[in-house]
Structures are given as structure tokens and as C-alpha cells.
Amino acid sequence: MPATQSRINDFVLKIATVNGTGSASANGLLMKALFRMGVPVTGKNLFPSNIQGLPTWYEIRASHAGYMSATGRVDVMVAMNAQTYQKDLDEVSPGGFLVYDSTWPRDRQLYRDDITVLGVPLAKMCNEAFSVARIRILMKNVAYVGALAALMDIDLDVIKTLLEETFASKPKLVDSNLKAIMLGYDYAQENFACPLPARAETMGDNSGNIIITGNEATGLGCLYAGATVGAWYPITPSTGVMDSFTDYCRRFRMDPETGDKLYCIIQAEDELAAAGMVIGANWVGARAFTPTSGPGISLMSEFIGFAYYAEIPSVFIDVQRVGPSTGMPTRTQQCDVMLCAYASHGDTRHPILFPANPHECFEMAVSVFDLAERLQTPVFLASDLDIGMNDWMVPELSWDDSYRPDRGKVLGPEELAKMERFVRYLDVDGDGITYRTLPGEDPKGAYFVRGSGHNRYGAYTEDSEQYQDIMDRLLVKWETAKTLVPDAVLSKASRKTSLGILAFGSSDGAVIEARDRLEAEGVHLDYLRIRAFPFSAEVVEFLRAHETIYVVEQNRDAQMKSLLMLEANDIADRLVSILHYNGLPIPSDCVVQGVTRHLKLNKEAVA
């Protein structure tokens with residue numbers, strides 16, 4: 001056996017299976033068991049865009065230090081798919097372990113001298129223990145849970161408790177699953193030296209934390225924000241947002257006396273129709289949203305421009321995936337930054353919020369509605385597949401019961417009665433935001449909603465000066481937006497430095513870990529995490545306070561860097577891109593290598 005470094009509560013376990021074979025529940029069981037043992041843990045699912053038959057992988061990272069990003073390392077690989085066995089074998093880190101179903105022999109060339117290969121006859125054991133063909137397939141996956149429990153010292157009692165909780169109403173399923181687990185557990189105990197160097201150890205109970213996906217948290221946040229209308233067209237990876245919102249509405253948006261639904265969810269014929277429904281619902285006073293992804297935003301662009309120019313609040317949730325075109329629907333990127341910032345033809349600018357994890361998805365799902373109504377404009381919540389569909393450990397969600405929705409400048413019948421005349425697009429406060437009314441409340445508040453040229457009084461115009469007057473006021477509103485969006489988060493280095501690093505969204509975890517690794521090597525970086533566009537004042541201050549700023553993002557064309565250059569073009573030569581865009585979550589290695597490579601090149605250039 002190769003010499004292996006001990007990795008207690010600091011390992012990556014990757015499981016390679018076939019999509020549609022029921023492995024998701026087995027993998028979730030492993031991750032939840034580690035969580036119950038108090039180990040900080042995340043789970044990332046790499047799956048195909050078809051329903052069944054293609055390869056799928058699930059990666060569990062345990063990190064006693066609490067790091068949440070991908071690593072580029074695999075300590076233990078469970079290779080359950082013969083089609084990908086060579087790829088899975090190659091991916092194991094030196095000194096690591098590969099577990100496979102030894103029911104069928106593997107060619108000798110499918111071994112490596114620098115790792116340990118462990119064969120467990122999973123199919124053979126399940127074929128002998130279970131009689132139904134489909135049950136045999138499902139239980140084979142459960143059996144590897146048992147083998148890993150023995151090999152990695154995962155608490156068997158915790159696994160049993162999770163099974164009892166999961167199948168509380170179906171005790172026979174508890175028995176069959178437990179039987180399969182013990183098949184794998186007993187075989188590993190009898191045939192291998194357990195536990196392996198990569199193993200778990202109880203750290204506590206993870207009290208104060210939960211496991212949740214970003215899509216689940218976003219749907220819950222929309223409910224808490226007061227949303228009652230959702231219109232959508234199904235698209236990966238955003239479907240889970242509406243699924244979550246629907247489930248919560250069925251629990252909490254029902255009239256307790258009549259049983260009537262106090263919400264409206266519409267599956268539209270396409271994305272453009274969904275956008276129109278959302279804009280209409282917001283115009284009449286509801287809080288409405290649509291979840292989608294990049295292709296959907298492209299199709300919605302005409303209506304987004306209409307809402308911008310007519311100044312109608314609307315919320316667009318973009319769970320980003322790989323583009324362009326159909327791209328890779330089940331892979332992640334941060335490639336819609338420019339699309340969301342300037343969606344539609346003509347001169348438009350749209351606020352965007354960038355959550356870094358599911359906890360912020362919940363919080364920002366509330367903020368995005370307040371911003372949309374306060375600013376009377378489309379606002380985007382830009383998540384991505386990594387955040388939206390993967391399992392994250394985050395602090396428990398909290399709520400302030402004193403919260404009241406910010407409806408912005410809305411005039412009701414009482415306010416209108418005191419006015420001589422209501423003027424829809426007149427800026428009386430100097431912040432670029434005008435007063436609006438809701439239809440049907442008072443005839444005095446009526447106005448014509450139009451996407452064609454209009455003046456400050458709401459009348460149609462093709463007059464150049466009157467048109468420019470509206471467009472200039474919208475720029476004033478944009479300046480106001482800079483004071484309302486969430487502030488960036490600054491993390492100072494342990495010593496004074498001229499180096500800075502910027503990131504946003506799901507790149508945050510990789511940067512946090514990379515900074516720690518770089519600091520151990522004597523490279524110190526101030527870190528600013530951007531949480532919104534337009535950029536607040538501290539973003540520009542950060543740019544001008546550092547000689548070199550690394551901009552980390554998950555797209556090919558440095559879209560965030562481009563936005564920064566538009567806002568502060570005098571510092572363009574200070575910005576250095578670190579890009580990751582292969583569709584997998586960004587690992588900390590990418591950031592470390594990007595920084596060290598640039599520093600080395602600079603040093604050589606000076607020399």
C-alpha cells in the first residue's frame with residue numbers, strides 16, 4: 001500500500017455512478033451523516049442533461065477548516081461506472097484510494113502504483129441478498145455507503161438514524177436499506193484495514209448550521225419577501241426555485257378558512273410570456289418574479305427593456321449555466337454578467353445582486369423585491385448552478401419579524417386627493433425616482449403606460465429634448481441605486497499590501513481558501529467581494545487603493561473586469577484576470593496558480 005498522509009476530516013470523496021440508478025439518495029445519506037458528525041461538508045453534483053443512462057458524479061468535501069470550494073483533489077473515489085473507470089482512476093490523487101465493484105474483474109492496466117485499489121463485490125452480494133432486479137440495482141448503491149462507513153469511519157449509528165428518519169412511514173424500507181449497508185460494512189471490516197487515512201471523526205453536531213441548496217433558499221426568500229405571483233418556463237438549472245416556491249406556497253399561502261390559494265403560479269408558453277406576466281403583475285401591485293437562466297434572459301430582453309423604460313418593478317432570478325446558446329445546461333458559469341447588466345436594446349442598466357451561497361440567496365431574494373419597487377425597475381438576482389443545485393452547509397436562516405416590504409414611492413387615494421395633478425415621470429425629490437400609482441385605486445392616478453417615447457408627464461413624444469430628459473433622469477436614478485444596493489465585503493490582509501483580489505458569487509469560497517494558502521507562502525492579499533452592480537463607492541476606492549487587483553470570475557471574457565473598467569477606466573492597467581470557465585466549480589488551485597503565475601512573470605520582467 002502506498003504511503004498516505006492522514007486526512008482526518010479533510011478529504012474529498014467522489015462517487016462515479018450512472019444517472020437514474022438511485023445513487024442520489026445514497027450519496028445524500030453519506031453527506032448528511034458527515035454533517036451530523038459535526039464535520040463541515042459540501043456536496044457537488046456533476047450530472048448529465050438527460051434523464052437516465054449517462055455518467056454522473058457526486059463530490060463530497062469534508063473540511064474541518066470550513067472551506068467550501070472545490071479542490072481539484074480526490075482522496076477516495078468510488079468507481080461504480082465501468083464506462084468512466086479509466087477517467088475515475090486517473091483522477092485519484094497520489095496516495096489516494098479507489099473503491100470499485102469487484103463482481104466483475106478489471107483489466108490489470110486499470111490500476112496505478114501510487115494509489116490503493118479496493119475491490120468490494122457489491123453486485124454479487126446484493127444479487128444474493130435481494131430477489132427483485134430493480135431492488136438489487138438500488139441496494140448496490142446503498143451497499144457502498146456501508147463499505148465507506150467502515151473504510152472512512154463514518155458513524156454507523158448516525159446512518160441508521162438517518163434511515164429511520166427518511167423512511168419513518170415505511171419501516172420495511174429501513175430494514176432493506178440497513179441490510180444492504182451492513183453487507184458493505186461487514187465486507188470492508190473483514191477484508192481491509194479500517195479505517196483509511198482519509199477518514200471522519202466526530203467534531204460536534206453542527207448546531208447553528210443547515211444543509212440547503214441555493215434554489216431552495218431562493219424560493220423561501222421569495223415567499224418571505226411577500227411574493228404572490230410566479231411566472232416561468234422550465235429551464236435547467238432554475239426549475240428548483242419555482243419548485244421550492246410552489247411547495248412553500250402550498251404550506252403558507254393558503255386561506256386557513258376557505259382553503260383558497262392566496263398565490264398564482266403560471267407555467268407560461270415561453271420565457272418572453274413569463275416576463276410579460278411578471279411585469280403586468282408587478283404593475284398592478286403584486287410582488288412577482290420569474291426564475292430562469294441565460295437563454296431565458298436572452299428571450300426576455302424585449303420585455304426587460306420595456307420595464308426599464310416604463311419604470312415597472314420586476315424581479316428576474318438568473319441561475320446561470322454554461323453558454324452560449326444551449327451550451328451545457330448542467331454545468332456552472334458566471335457568464336451572464338454583461339447580459340443582465342445591459343439586457344435589451346438601447347441604453348439600459350439594471351441592478352444585479354450576487355449571492356455567494358444559499359444563505360445570501362435567501363437574504364437577497366428579499367432585498368431584490370425591495371430594490372425593484374424602490375427603484376421602479378427590473379432587478380436581477382444572479383445565482384449559478386453551483387449555488388443553486390448543489391448542497392451547501394450554511395448558518396441557519398434567520399428572520400426579522402419586524403420586516404415590512406419597501407413598496408417605494410406609491411401614492412394612494414389619500415395622497416392623490418391632496419394633489420392638484422398627478423404626474424407619473426416628474427422627479428420631485430431629485431433622486432431620479434418618480435411617484436407611481438396602482439391601477440384601479442383612483443381615477444386621478446391614471447396614466448398611460450408606454451414603451452414608446454414619452455415625456456415627464458407621461459404623454460407620447462418624439463421631441464428630442466423631452467426624450468433626453470427622461471433618459472438623463474434614469475441616469476440620476478442609477479446613481480441613487482449605488483446607495484441602495486448591498487455593500488461589498490472587505491477582508492483585509494494580516495499586513496499592509498499593495499495587492500488586492502476581487503470576486504463575486506460562487507467564486508468566494510475558492511478565494512477565501514486561496515488567500516489562506518497564499519498567505520502561508522508570504523503573499524498577502526486584501527479581498528473585496530462584490531455583492532451588487534452598480535458598484536458602491538467602496539469598490540472604486542478599493543481599486544484605486546491597490547497597485548494590482550486580481551479579478552476572479554467564471555467566464556471566458558472577463559465580464560466583471562469589463563464592468564469595473566467601465567466604472568473606473570483610469571485603473572484598467574491594474575486589473576489582472578483570473579478566469580475559470582470549463583463548467584466545473586472553480587477550485588482554490590485556480591486562484592493560487594493565477595496569482596503566483598502573475599507574480600512570477602512580473603518578477604522576471606523586472607529582473
**Message:** Treating Glu415 as the side-chain partner and Gly412 as the backbone partner, does any N or O pair qualify as donor plus acceptor under 3.5 Å?
**Reply:** yes
**Asked** Parallel under 30°, tilted from 30 to 60°, perpendicular over 60°: which one fits the rings of Tyr248 and Phe252?
**Response** parallel
**Message:** Is it true that, when you exclude Arg374 itself, more than 12 heavy atoms of the residues, nucleotides or ligands shown sit nearer than 6.0 Å to its CZ?
**Reply:** no
**Request:** Check whether any side-chain heavy atom of Arg321 lies under 4.5 Å from a side-chain heavy atom of Arg331, and answer yes or no.
**Result:** no
**Item:** Salt-bridge criterion met for Glu165 and Lys32 (N-O under 4.0 Å)
**Value:** no
**Message:** With rounding to the nearest 0.5 angstrom, report the CZ to CD distance, Arg436 to Gln376.
**Reply:** 5.5 Å
**Asked** Which value, rounded to the nearest 0.5 Å, describes the distance between Ser238 atom OG and Met389 atom CE?
**Response** 9.5 Å
**Message:** Donor-acceptor pair, distance only, cut-off 3.5 Å: does the side chain of Ser314 make one with the backbone of Ile279?
**Reply:** no
**Prompt:** Any ion pair linking Asp427 and Arg473 (charged N to carboxylate O, less than 4.0 Å)?
**Reply:** no
**Prompt:** For the side chain of Glu302 and the backbone of Leu272, is there at least one donor-acceptor N/O pair under 3.5 Å apart?
**Reply:** no
**Request:** Mark yes when over 12 heavy atoms from residues, nucleotides or ligands other than Phe35 sit less than 6.0 Å from its CZ; otherwise mark no.
**Result:** yes
**Request:** Measure across Pro358 and Ala217 and return the closest heavy-atom pair with its distance rounded to 0.1 Å.
**Result:** O-CB, 3.2 Å
**Prompt:** For Cys249 and Leu223, what are the C-alpha separation, side-chain angles and deciding distance, and is it a side chain to side chain contact (heavy atoms under 4.5 Å, CB included)?
**Reply:** CA-CA 7 Å; Cys249 282; Leu223 182 94; 4.0 Å; yes
**Message:** Under a 4.0 Å threshold between the charged nitrogen and the carboxylate oxygen, would Arg287 count as salt-bridged to Glu373?
**Reply:** yes
**Prompt:** Does Phe316 reach the side chain of Val368, with side-chain heavy atoms less than 4.5 Å apart?
**Reply:** no
**Prompt:** Is the backbone N or O of Asn209 less than 3.5 Å from a side-chain atom of Asn206, with the two atoms forming a donor-acceptor pair by type?
**Reply:** no
**Prompt:** Is the backbone of Val476 close enough, under 3.5 Å, to the side chain of Thr480 for a donor and an acceptor to pair up by distance?
**Reply:** yes
**Request:** Check for a donor-acceptor pair, side chain of Lys444 on one end and backbone N or O of Phe422 on the other, with a separation under 3.5 Å.
**Result:** no
**Asked** Side chains of Ile352 and Phe354: closer than 4.5 Å at any heavy-atom pair?
**Response** yes
**Request:** State whether Lys44 and Glu59 are salt-bridged, where the test is any N-O pair (Lys NZ or Arg NE/NH1/NH2 against Asp/Glu carboxylate O) under 4.0 Å.
**Result:** no
**Message:** Just verifying a value: how many Å separate Arg253 CZ and Phe245 CZ, rounded to the nearest 0.5 Å?
**Reply:** 6.0 Å
**Prompt:** Counting only heavy atoms not in Gln267, do more than 12 fall under 6.0 Å of its CD?
**Reply:** yes
**Message:** Test your reading of the model: is there a side-chain donor-acceptor pair from Trp392 to the backbone of Asp386, 3.5 Å cut-off?
**Reply:** yes
**Closest contact, heavy atoms only, Ala225 versus Val366** = CB-CA, 3.8 Å
**Message:** Is it the case that the side chain of Ser244 and the backbone of Glu216 share a donor-acceptor pair, with hydrogens and angles ignored and the cut-off at 3.5 Å?
**Reply:** yes
**Request:** Say whether, by atom type as modelled, one donor and one acceptor occur between the side chain of Thr56 and the main chain of Leu46 under 3.5 angstrom.
**Result:** yes
**Message:** Within this structure, what is the CG-CZ distance for the pair Leu34 and Arg61, rounded to the nearest 0.5 Å?
**Reply:** 13.5 Å
**Asked** How many angstroms lie between CG in Asp370 and CG in Asp406, if you round to the nearest 0.5 Å?
**Response** 5.0 Å
**Val423 vs Val428 side-chain heavy atoms within contact, under 4.5 Å** = no
**Fill in**
Shortest non-hydrogen pair, Leu375 vs Lys477, comes out as O-NZ, 2.8 Å
**Prompt:** Do Asn390 and Thr332 have side-chain heavy atoms sitting under 4.5 Å apart?
**Reply:** no
**Request:** Would you sort out whether Asp429 and Lys409 count as a side chain to side chain contact (heavy atoms under 4.5 Å, CB included), showing the intermediate values?
**Result:** CA-CA 11 Å; Asp429 297 324; Lys409 298 181 180 182; 2.7 Å; yes
**Item:** Sidechain-backbone polar pair: Asn282 side chain, Ala288 backbone, donor-acceptor under 3.5 Å
**Value:** yes
**Asked** Does the side chain of Asn215 come under 3.5 Å of the side chain of Thr213 through a donor N or O and an acceptor N or O?
**Response** no
**Tyr224 and Phe362 aromatic ring geometry - parallel, tilted or perpendicular at 30°/60° bounds** = perpendicular
**Request:** Specify the closest pair of heavy atoms between Val229 and Ala286, including all atoms of both residues, with the distance to one decimal.
**Result:** CG2-CB, 4.0 Å
**Prompt:** Would His454 and Phe448 count as a ring pair (Phe, Tyr, Trp, His ring centres under 6.0 Å) if you check the C-alpha gap in whole Å, the side-chain angles of each, and the deciding distance to 0.1 Å?
**Reply:** CA-CA 10 Å; His454 54 269; Phe448 195 91; over 10 Å; no
**Item:** Matching residue for Asp318 among Thr290, Leu381, Val337, Asp336 - test: side chain to side chain contact (heavy atoms under 4.5 Å, CB included)
**Value:** Asp336
**Message:** What verdict does the side chain to side chain contact (heavy atoms under 4.5 Å, CB included) test give for Tyr435 and Met419, after you've listed the backbone C-alpha separation in whole Å, the side-chain angles of each residue and the deciding distance to 0.1 Å?
**Reply:** CA-CA 12 Å; Tyr435 286 82; Met419 300 175 64; over 6 Å; no
**Member of Trp478, Phe504, Phe380 meeting the ring-ring contact (aromatic ring centres under 6.0 Å, His included) criterion with Phe533** = Trp478
**Request:** Only one of Glu363, Glu360, Met364 passes side chain to side chain contact (heavy atoms under 4.5 Å, CB included) with Leu353; say which it is.
**Result:** Met364
**Prompt:** For Tyr447, is the NZ or CZ atom of Arg424 found under 6.0 angstrom from the centre of its six-membered ring and inside 45 degrees of the ring axis?
**Reply:** yes
**Prompt:** Would a 4.5 Å heavy-atom cut-off, applied to side chains only, mark Ile135 and Ser176 as touching?
**Reply:** no
**Asked** Hey, mind stepping through Val18 and Met80 against side chain to side chain contact (heavy atoms under 4.5 Å, CB included) and telling me if it holds?
**Response** CA-CA 8 Å; Val18 176; Met80 298 291 290; over 6 Å; no
**Closest contact, heavy atoms only, Cys335 versus Asn555** = CA-CB, 4.0 Å
**Asked** So Phe369 and Phe289, would you call those rings parallel, tilted or perpendicular, with 30° and 60° as cut-offs?
**Response** perpendicular
**Item:** Leu474 and Tyr308, any side-chain heavy atoms less than 4.5 Å apart
**Value:** yes
**Item:** Minimum heavy-atom distance Val315-Val278, with the two atoms named
**Value:** O-CG1, 4.2 Å
**Message:** Is a donor from one side chain sitting under 3.5 angstrom from an acceptor on the other, for Ser507 and Gln554?
**Reply:** yes
**Message:** Would you say that His350 contacts Ile304 through its side chain, given a criterion of any heavy-atom pair below 4.5 Å between the two side chains?
**Reply:** yes
**Message:** Rounded to the nearest 0.5 Å, what separates atom CD1 in Ile387 from atom CG in Asn357?
**Reply:** 7.0 Å
